[in-house]
Amino acid sequence: MKKIRTRFGFAPSPTGYMHIGNLRTALYAYLFAKSQDGDFILRIEDTDRARYVADAVEFIENTLAAAKIIPDEGPHHGGNFGPYVQSERMAIYKKYAEELVENGYAYRCFCVNHEDENTNDEEKKFGGYNRHCRDLDREELEANIVARKPYVIRQKMPLTGETTFFDVLHGNITIANSELEDQVLLKSDGMPTYNFANVIDDHLMGITHIIRGAEFITSTPKHVLLYKAFGWELPTFIHLAPVMGKSEDGTVSKLSKRHGATSFNDLVEMGYLPEAITNYVALLGWNPKTTNQEIFSMAELIEKFSLDGLSKSPAVFDYNKLDWMSGEYFKAMTDEEFAKAADKFFGELDENLASKKVYLSSLLKTRVAKLSEIPAMIKFLQEMPPFDAELFINKRNKVTVEKSIEIIKPALEMLEKVEDWTLDTLNEKIAAFTENSGLKTGTVMWPLRIAISGQKVTPGGVVEILYLLGREEGLKRLTDALDALSNVKQ
RNA sequence: GGCGCUAUCGUCAAGUGGUUAAGACACCGCCCUUUCACGGCGGGUUCGUGGGUUCAAAUCCCGCUAGCGUCACCA
């Protein structure tokens, strides 16, 4: 018995946008294929001319590459089952559609598409196509062809009985044939519909497993009927539950714009690491049963992945958890790695700060969930926020405006004598200063930190900030604060 | 509306007839602390509902409800 190689297809539309749910489907297909030592095939479903977006194929390929999902075959990945772009396969669909017509599984339909005619009639709304051309007599049919009337090819559904198919997640699913419409297979422009093309291509490309969203469950019987009409072997179906989003009012619905970022790219632009996104998405609807581990590399994901860990129910996309996971990735990075990843979020830094990016990274990496938080977090280093005396007053550390002056003044005098403006020296001097003052560390540090940062919350403490600011700017801020504080006092 | 899918903490989830119903995120408290983080410790909250089956049900069956999906010359 020959072992059939596992082959998974991923067939996105070139819309210039990769929804998280879509990416997850691709990821699961990839993980399963690789765990079986099988193939992951990228195919572009571009049969809807109206939706075509320029460069969208490259966009899809780049996105997959960023997510470390590498197709074995695809438009630009080679393979022996091409072309991998549906619009280049029109002759193939035509041929199979004709075969269906000849064998009585499909028919030509000359009815015009009245999509503009709006009808308020509820029955019509749910009625579907009325099958007018299903049994045209030969004369009328030929007259239409001679007259070159445009037509579509429709699938001839059985009027009775039911169709059952097996889904790995859901088991057997049965739908009455009477529920199935005589759907269009080949459009009047000669393009196939998804429902037709996907069957032809999956078969021709030797796809063994179809993994896709649950929204395709109801149309699967139509596909199954097509496989049967051609006498082809059925692939294994896996229908994934959708990825949901939670609105502010608490309602849950399919993840969409109103829930914020919905595409892989949106997330990357917000400063989440691709690895972290992939890791999080992998766990959104799948769990590795045998372990409580949550941080996985792609290699580990492949090793651990199995179908029985897939969840049947919808999963809500949770930014909290993504933030946490993202933070875990940042914390695991070296300062250099973080500096590199964060580079474009640092913005225009002055020469001094630019030279301290790596050190700055050591401060930032434990405080950031996404890189886009960086600009707001480091702004005070480049530009002193407006003076606010209120900030100096701190009950817990027993600091008042007056007390602040008492601390800042001698501290400034002491620091002015420090030439070696390094972390070690600064640390040592300030520790000694605190010691000599006889005050609690917090009491000394509070007003100093406020004076040089102008903010209640900062990444790092007095020593770190002083170092980052550099000697000149550090002393200047202390001086300015002292002046401003003195004015307040009188 | 017809048809279909789903139903364990706020969220991701383990669980497959007998468990103190794991774990993680979030939340709250404490510790650490130079603010915020990091790290450590602890805490609360969960089986949608009604019927069965069974000595025993989160687990099996049925109804209900709710959510989602689908009913295109879109995928």
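Remember, predicted model here, so these are calculated numbers, not experimental data. Quick note on labels: first sequence line is chain A, next is B, and so on, each numbered from 1. In what follows, every heavy atom counts, from backbone to side chain, and hydrogens, waters and symmetry copies are set aside.
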Would you tell me if any nitrogen or oxygen in the side chain of [X] comes within less than 4.0 Å of OP1 or OP2 on [N]?
| X | N | value |
| --- | --- | --- |
| A:R154 | B:C73 | yes |
| A:K222 | B:A72 | no |
| A:K331 | B:A37 | no |
| A:H239 | B:C5 | no |
| A:T47 | B:A75 | yes |
| A:K321 | B:C12 | no |
| A:N287 | B:A14 | yes |
| A:K187 | B:C74 | yes |

For [N] and [M], measure between their [atom1] atoms and round to the nearest Å.
| N | M | atom1 | answer |
| --- | --- | --- | --- |
| B:A37 | B:U16 | C1' | 43 Å |
| B:U8 | B:C12 | P | 8 Å |
| B:G44 | B:G2 | P | 45 Å |
| B:C64 | B:C9 | P | 23 Å |
| B:U45 | B:A24 | C1' | 16 Å |
| B:G18 | B:A13 | P | 23 Å |

Any base atoms under 4.0 Å from [X], or only sugar-phosphate, or nothing? Heavy atoms, all strands.
| X | answer |
| --- | --- |
| A:V463 | base |
| A:T174 | sugar-phosphate |
| A:V152 | base |
| A:G460 | base |
| A:K312 | sugar-phosphate |
| A:F317 | nothing |
| A:S188 | base |
| A:V462 | base |
| A:T458 | base |
| A:T434 | nothing |
| A:M191 | nothing |

Tell me: [atom1] of [X] to [atom2] of [N], nearest whole Å?
| X | N | atom1 | atom2 | value |
| --- | --- | --- | --- | --- |
| A:Q183 | B:U70 | CD | C1' | 13 Å |
| A:F296 | B:G23 | CZ | C1' | 12 Å |
| A:K289 | B:G23 | NZ | C1' | 14 Å |
| A:M90 | B:C73 | CE | P | 17 Å |
| A:N320 | B:C9 | CG | C1' | 15 Å |
| A:I374 | B:A37 | CD1 | P | 17 Å |
| A:Q155 | B:C71 | CD | P | 15 Å |
| A:W286 | B:C12 | CH2 | C1' | 13 Å |

With the side chain of [X] defined as its heavy atoms from C-beta on, choose the nearest nucleotide among [options].
| X | options | answer |
| --- | --- | --- |
| A:F216 | B:C68, B:A75, B:C25 | B:A75 |
| A:R396 | B:A75, B:U35, B:A37 | B:U35 |
| A:V184 | B:G4, B:U35, B:C73 | B:C73 |
| A:L284 | B:C12, B:G69, B:G10 | B:C12 |
| A:P242 | B:C68, B:U6, B:A26 | B:C68 |
| A:E179 | B:C73, B:C3, B:C25 | B:C3 |

Q. So does A:R449 reach the base of B:U34 with its side chain, donor to acceptor, closer than 3.5 Å?
A.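 Result: no qualifying N/O pair found.
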Q | Row check, A:Y467 ring normal vs A:K356 NZ/CZ: under 6.0 Å, within 45° | A | yes
Do [X] and [Y] have a side chain donor and acceptor closer than 3.5 Å?
| X | Y | value |
| --- | --- | --- |
| A:Y93 | A:D201 | yes |
| A:T164 | A:N172 | no |
| A:T458 | A:Q455 | no |

Q) In the structure shown, which nucleotide is the Watson-Crick or G-U wobble counterpart of B:C71, with both distances under 3.5 Å? A) B:G1
Q: Mind running side-chain contact (heavy atoms from CB on, under 4.5 Å) on A:I378 and A:F345 for me, showing each step along the way?
A: CA-CA 10 Å; A:I378 64 175; A:F345 290 90; over 6 Å; no
Q: Report the C-alpha separation of A:I210 and A:H223 in whole Å, then their side-chain angles, then the decisive distance to 0.1 Å, and conclude whether the side-chain contact (heavy atoms from CB on, under 4.5 Å) test is met.
A: CA-CA 12 Å; A:I210 293 179; A:H223 308 159; over 6 Å; no
Q: Show the numbers, then the answer: is there a side-chain contact (heavy atoms from CB on, under 4.5 Å) between A:I450 and A:N394?
A: CA-CA 11 Å; A:I450 299 297; A:N394 182 285; over 6 Å; no
Q. In terms of ring plane angle, is the pair A:F8 and A:H209 parallel, tilted or perpendicular, where the classes change at 30° and 60°?
A.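 Parallel: the ring planes of A:F8 and A:H209 meet at under 30°.
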